[in-house]
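Notes for the one structure printed next.
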Amino acid sequence: AAKLLTEPFLAGRSVLITAGPTREFWDPVRFLSNRSSGKMGYALAAAVAEAGAQVTLISGPVALDVPPGVHRIQVESAQQMCDATLAQVAVMDILIACAAVADYRPTKQAAQKIKKTDQGLTLALERTTDILEQLANLADKPFIVGFAAETERLEINAYRKLKLKGLDMIAANWVQGGQGFEADDNALTVLWPGGKVELPRTSKTQLARALIKLIAEYYHAKGS
Ligand code: CTP
Ligand code: CA
């Protein structure tokens, strides 16, 4: 039998995790979304539960089981994910924003299924709310870890997001070839003000455990 995998180094803490894609509907049966499978976010939720914390997982639509001991709140749109996050964040010690939130949504959502015509169709899009930017000015913020999925200039782009969103830490990963989305493994470059660690390619289960150790280390070092 497998022995306990980790010590409870986050015992007594409350951790909020966002995971998966969002769906932005433009009629009752059609939506815009992205390639996120939710695997990394769910692996993080499992690793945080193993570390002894109370875990709340705000999840977009994914085909994954809820890890043992994790409280899941299911949402669809970026706005619902934003509302759920704002409703939970005040009582959280740590927030890990792993979700691939849509940046744009259709400006209109038709009440009925849109019928095809012989013409092309142009969808008008508008920005969604950036959840992490909303939190940046909160008085009593949790320790916030963001994610960045990049196809170019990984570190420069991730560092910009760390600063812009006032994050404590950011975990950046390449999206290229089979890596980054949908796969069962991944690698991460983790950045914080004044430091960097590379977590080499491994299963998302192992990678999540390594990232949670790193987060806990810096969370505790910050005197929290
Ligand atoms: N994020 C968020 N709310 C959004 C979009 C993104 O909270 N509406 C969070 C993600 O969960 C992630 C971080 O912001 O933790 C970075 O997301 P990413 O898509 O990489 O960056 P963006 O700021 O959206 O910039 P871009 O997509 O243009 O690279
Ligand atoms: Ca984005």
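Counting starts at 1 for both ligands and their atoms, following the listed order.
Around CD of Gln112, the count of heavy atoms belonging to other residues, nucleotides or ligands within 6.0 Å does not exceed 12.
For atom 10 (C) of ligand 1, the choice among Gly146, Ala99, Ala102, Ala158 with the nearest heavy atom turns out to be Ala99. Considering only non-hydrogen atoms, atom 8 (N) of ligand 1 lies nearest to Thr129 out of Thr85, Thr129, Asp103. Considering only non-hydrogen atoms, atom 23 (O) of ligand 1 lies nearest to Lys165 out of Lys161, Lys165, Met81, Glu133. With Asn34, Val101, Ile96 as candidates, the residue nearest to atom 4 (C) of ligand 1 on a non-hydrogen basis is Val101.
Side-chain rings of Trp192 and Tyr218 approach one another, their centers coming within less than 6.0 Å.
A side-chain donor-acceptor contact under 3.5 Å links Tyr42 and Arg72. Side-chain polar atoms of Thr189 and Glu198 form a donor-acceptor pair below 3.5 angstrom. No hydrogens or angles considered: a donor-acceptor pair under 3.5 Å links the side chains of Asp83 and Gln79. Thr56 and Gln54 share no donor-acceptor pair across their side chains, judged by distance under 3.5 Å alone.
The set of protein atoms (N, O or S) found at less than 3.0 Å from the Ca ion (ligand 2) reads Asp103 OD1, Asp103 OD2, by chain and number.
Of the protein's non-hydrogen atoms, Ala97 O, 2.7 Å is the one closest to atom 15 (O) of ligand 1. In terms of protein heavy-atom proximity, atom 17 (O) of ligand 1 is nearest to Phe147 O, 3.7 Å. In this structure, atom 9 (C) of ligand 1 lies nearest to the protein heavy atom Leu132 CD1, 3.7 Å. Closest to atom 3 (N) of ligand 1, if we only count protein heavy atoms, is Ile131 N, 2.9 Å.
The Thr128 neighbourhood of ligand 1 comprises atoms 8 (N), with distances under 4.0 Å to a heavy atom of that residue. Less than 4.0 angstrom separates some heavy atom of Ala148 from each of these atoms of ligand 1: 20 (O). Per-residue contacts place Ala149 under 4.0 angstrom from the following atoms of ligand 1 (heavy atoms of the residue considered): 20 (O).
The nearest pair of heavy atoms linking Leu211 to Leu44 is CD2-CD2, 3.8 Å. In terms of heavy atoms, Ile94 sits closest to Pro142 at N-CB, 3.9 Å.
When distances from atom 19 (O) of ligand 1 to the protein are checked, no heavy atom turns up under 4.0 Å.
Heavy atoms of Thr18 stay at 4.0 angstrom or farther from ligand 1.
Between Glu217 and Ile212, every side-chain heavy-atom pair lies at or beyond the 4.5 Å cut-off. Counting heavy atoms from C-beta outward, Arg127 and Tyr104 have side chains that approach closer than 4.5 Å. The closest side-chain heavy-atom distance from Leu95 to Val145 is not below 4.5 Å.
Judged purely by atom type and a 3.5 angstrom limit, Asn173 has no side-chain atom pairing as donor or acceptor with the backbone of Ala187.
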